[in-house]
Amino acid sequence: MKLFNTMSRQVEDFVPQNGKKVSLYTCGPTVYLDPHIGNWKTFINYDLLVRTLTQAGYEVDQVLNITDVGHLVGDGDDGEDKMAKTATEQRKTAWEIAEHYTSVFYEGLKQLNITPPSNMPKATDHIQEQIDMIKVLEEKGFTYTIDDGVYFDTSKCSDYGKLARLDLEGQQAGARVQENAQKRNPQDFALWKLSPKDQKRDMEWDSPWGTGFPGWHIECSAMALKYLGATIDIHGGGIDHIPIHHTNEIAQSESANGVEFSKFWFHSAFIDVDSTKMSKSLDNFYTIEDIKAKNIDPMAFRMLVVQAHYRKGSNFTWEALEAAAQRLKHLRAFADLVWQGSGEGQVDVKAVEQSFVKHMQNDLNTPAALEVVSNLLNQFANRLPSSQEASDIRALLGTMDEYLGLKLSETTDIDEFAKQLLLERENARQEKNWEESDRLRVEIEKQGLSVNDTPKATIWSRTS
RNA sequence: GGCGCGUUGGCCGAGGAGUUAGGCAAAGGUCUGCAAAACCUUUUACACCGGUGCGAAUCCGGUACGCGCCUCCA
């Protein structure tokens, strides 16, 4: 299959290091607030990647970290600590906040039909691994210690910024006032932050450098090493991670391990709301709950994400979400046809399936893959598929679900009672007993079905 | 100040030098006993100005506007 690699900025043939095994590290949620739809877009894109790799015959070992401590840092400038703030507001500890929002995250995975990653380690369960990695960096001379912690000296890393293609000189020119005058270079970042004296944090640990907590980026480097090895096949994240987080992960991991950190870099583009970035800080984000509050199936959001390409930024509107919901509904009606295979026809459904797969294996071209299916749908307007077509459609839906996770093939046939009602209505229509026919239509609708009388046959579909 | 991205018809969104993307919505119409959550049709879109091509929405240069990153962030 083909996959875009942020490092080379090109679509490349994807070939893992070890035969059919693929090691994948994906940056996960920071659990201190409800995830917003932008977070979910990225997680859905990870899911599409894993599904596509799996379909391509690979065995994917995916790690998705739960950041339950990282947010303790990074509050330097304005002194605001969101995690602590949330904890205070809810009269809970940082630990309780992390636990609560971790469960919210798991619930969201279910609602959006995201296959849970094979391994979801927590940062706080890997403090020792992080300390060990910092020790290695210290022994190799990449670190220095100042008043508030241990820092990584980016000037010791000759290719620092290669992923983002950073222009360090240029950045320096316009850099804001350094928050810490002791830092040697503006890009240097904390590996271990020391707890402020005379202050007890909910989350803090002992270390060779004193009591404190790990820096912003070390958890990913440490957990990737522990679970996937020094060189992984693919590393994923949101595009915002390219210049800082992933850049620093590369610096840490490659300096500590002495080998390339990741062969491929997979980045999901942002979804905007009203043409502006969503962020936890700006408080302009929507959640799955907001979608449900409008009586829209969360799966419609998955549809919205799937019908756009993962590398292109998009703009969220409620109108677009409703359009996606509608499209999903039509796909579901199409899926219902497999139970009604009694018509005539010989459309080449298998060719559509092949085309679908080809698009998916081409850098996850989900919009093109859906397009070929949409074109197929139009051929079944006002007619039922033949038994052969129904069989092929069933196979197509199964394949689509493996790749896209839209749950189209999970429907079952309607029950005998509903079938009987449909039959009775048809008989009434034959006898031109319209009163009885209309009465039965109401009964059928009570079963959650709607009927479409076409010249050739009556086709039912689900209303719920 | 530096780095980078984008601008496609009412909305969302592909494509990317010559061929209708697709979806959703709207309007008109059709089938039908009626109805539809059914079907058909529809005003031929690519920010602007130059350039290179037989030919540009698609390549090059510039302009405008928008957005992102350089600070936690999917």
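Reminder, nothing fancy here: chain letters follow the sequence lines and each chain counts from 1.
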Next item on the list: Under 4.0 Å between any heavy atoms, over every strand shown, what does A:Gly237 touch: base, sugar-phosphate, or nothing? Just pick one.
Entry: sugar-phosphate

Note to self: So if I take every side-chain heavy atom of A:Leu304 and compare against B:G33, B:U7, B:C12, which nucleotide ends up nearest?
What the structure shows: B:C12

Note to self: Checking A:Thr67 against A:Asn65: is there a side-chain donor and acceptor pair closer than 3.5 Å?
What the structure shows: yes

Next item on the list: Step through the shown structure and confirm whether more than 12 heavy atoms of other residues, nucleotides or ligands are within 6.0 Å of NZ on A:Lys122.
Entry: no

Check: Is the count of non-hydrogen atoms from other residues, nucleotides or ligands lying under 6.0 Å from A:Lys419 atom NZ greater than 12?
Finding: yes

Check: So, A:Ser409 and A:Asp401: side-chain donor and acceptor under 3.5 Å apart, yes or no?
Finding: yes

Margin query: So A:Asn315, base contact, sugar-phosphate only, or nothing? Heavy-atom distance under 4.0 Å.
Written below: sugar-phosphate

Next item on the list: Mind telling me if B:G53 is syn or anti? Syn here is a glycosidic angle within 90° of 0.
Entry: syn

Check: Should A:Asn452 be listed as having a side-chain N or O under 4.0 Å from OP1 or OP2 of B:A38?
Finding: no

Note to self: Under a 3.5 Å cutoff, is there a donor and acceptor pairing between the side chains of A:Asp202 and A:Thr93?
What the structure shows: no

Notebook entry, point to check: Checking all strands, does A:His245 fall into the base, sugar-phosphate, or nothing category for heavy-atom contacts under 4.0 angstrom?
Noted result: nothing

Notebook entry, point to check: Looking at the side chain of A:Thr30, which of B:A74, B:C12, B:U7 is the nearest nucleotide?
Noted result: B:A74

Next item on the list: Choose from B:C24, B:A74, B:C72 the nucleotide whose nearest atom is closest to any side-chain atom of A:Trp216.
Entry: B:C72

Item checked: A:Tyr46 and A:Phe43 aromatic ring geometry - parallel, tilted or perpendicular at 30°/60° bounds -> tilted

Note to self: Can you tell me which nucleotide in B:C73, B:G10, B:A37 comes closest to the side chain of A:His330?
What the structure shows: B:A37

Note to self: Using a heavy-atom cut-off of 4.0 Å across all strands, would you classify A:Arg439 as base, sugar-phosphate, or nothing?
What the structure shows: nothing

Checklist line | Options B:A74, B:G10, B:C12, nucleotide nearest the side-chain atoms of A:His36 | finding: B:A74

Check: RNA chain B in dot-bracket, Watson-Crick or G-U pairs under 3.5 Å, [ ] crossing, | other strand?
Finding: (((((((..(((.....[...))).(((((.......)))))....(((((..]....))))))))))))....

Notebook entry, point to check: Base, sugar-phosphate alone, or nothing: which one does A:His267 contact when heavy atoms must sit under 4.0 Å apart?
Noted result: nothing

Note to self: Counting only heavy atoms not in A:Glu96 (residues, nucleotides, ligands), do more than 12 fall under 6.0 Å from its CD?
What the structure shows: yes

Next item on the list: Sticking with atom P, work out how far B:G6 lies from B:U43, rounded to a whole angstrom.
Entry: 30 Å

Item checked: Closest listed nucleotide, where the reference is the side chain of A:Ala323 and the choices are B:G33, B:C70, B:G23 -> B:G23

Notebook entry, point to check: What does A:Ile271 touch in the nucleic acid at a heavy-atom separation under 4.0 angstrom: a base, only the sugar-phosphate, or nothing?
Noted result: base

Shorter than 3.5 Å, N or O on both sides, protein versus nucleotides 19-22 of chain B: list them out with atom names.
| from | atom 1 | to | atom 2 | distance (Å) |
| --- | --- | --- | --- | --- |
| B:A21 | O2' | A:Glu371 | OE2 | 2.5 |
| B:A21 | N3 | A:Glu371 | OE1 | 2.7 |
| B:G22 | O2' | A:Arg327 | NH2 | 2.9 |
| B:G22 | O2' | A:Ser374 | OG | 3.2 |

Checklist line | Listed once per pair and sorted, the salt bridge (charged side-chain N to carboxylate O under 4.0 Å, His left out) pairs that draw on residues 324-343 of chain A, sequence neighbours left out | finding: A:Asp297-A:Arg332, A:Asp336-A:Arg462

Next item on the list: Find which nucleotide of RNA chain B each of A:Asp438 and A:Ala308 is nearest to by heavy atoms, and output the residue with the more 5' nucleotide.
Entry: A:Ala308

Notebook entry, point to check: Taking only side-chain nitrogens and oxygens of A:Ser314, does any of them come within less than 4.0 Å of OP1 or OP2 of B:G13?
Noted result: yes

Notebook entry, point to check: Do A:Tyr310 and A:Asp363 have side-chain N/O donor and acceptor atoms under 3.5 Å apart?
Noted result: yes

Next item on the list: Determine the interplanar angle of the A:His245 and A:His241 rings, folded into 0 to 90°, and report it as parallel if under 30°, tilted if 30 to 60°, perpendicular if over 60°.
Entry: tilted

Margin query: Suppose you measure atom P in B:G16 against the same atom in B:C72; what distance do you get, rounded to whole Å?
Written below: 37 Å

Margin query: Once you apply a heavy-atom cut-off of 4.0 Å, does A:Ser437 come out as touching a base, just sugar-phosphate, or nothing?
Written below: base

Margin query: Is it the case that the side chains of A:His36 and A:Asn39 hold a donor-acceptor pair, with the cut-off being a distance below 3.5 Å and no angle test?
Written below: yes

Checklist line | A:Arg441 (side chain) and B:C34 (base): donor-acceptor pair under 3.5 Å | finding: yes

Checklist line | Options B:G33, B:C24, B:A74, nucleotide nearest the side-chain atoms of A:Gln326 | finding: B:C24

Next item on the list: Determine the Euclidean distance between corresponding C1' atoms of B:G66 and B:C48; express it in Å to zero decimal places.
Entry: 15 Å

Margin query: Over all strands shown, is A:Val372 touching base, sugar-phosphate only, or nothing at heavy-atom distances under 4.0 angstrom?
Written below: nothing

Next item on the list: Give one of base, sugar-phosphate or nothing for A:Gln430, where a contact means two heavy atoms less than 4.0 Å apart.
Entry: nothing

Item checked: Span that lies between the P atom of B:A26 and that of B:U58, in whole angstrom -> 33 Å

Note to self: Students often get this wrong, so: under 4.0 angstrom with heavy atoms, is A:Thr454 touching a base, only sugar-phosphate, or nothing?
What the structure shows: nothing

Check: Looking at B:C73, B:U7, B:G13, which one has an atom nearest to any side-chain atom of A:Lys312?
Finding: B:U7

Next item on the list: Search all heavy atoms of A:His235 against all heavy atoms of A:Ser262 and return the closest pair with its distance.
Entry: N-OG, 3.2 Å

Notebook entry, point to check: What's the closest nucleotide to the A:Ala320 side chain, out of B:C12, B:A74, B:G33?
Noted result: B:C12

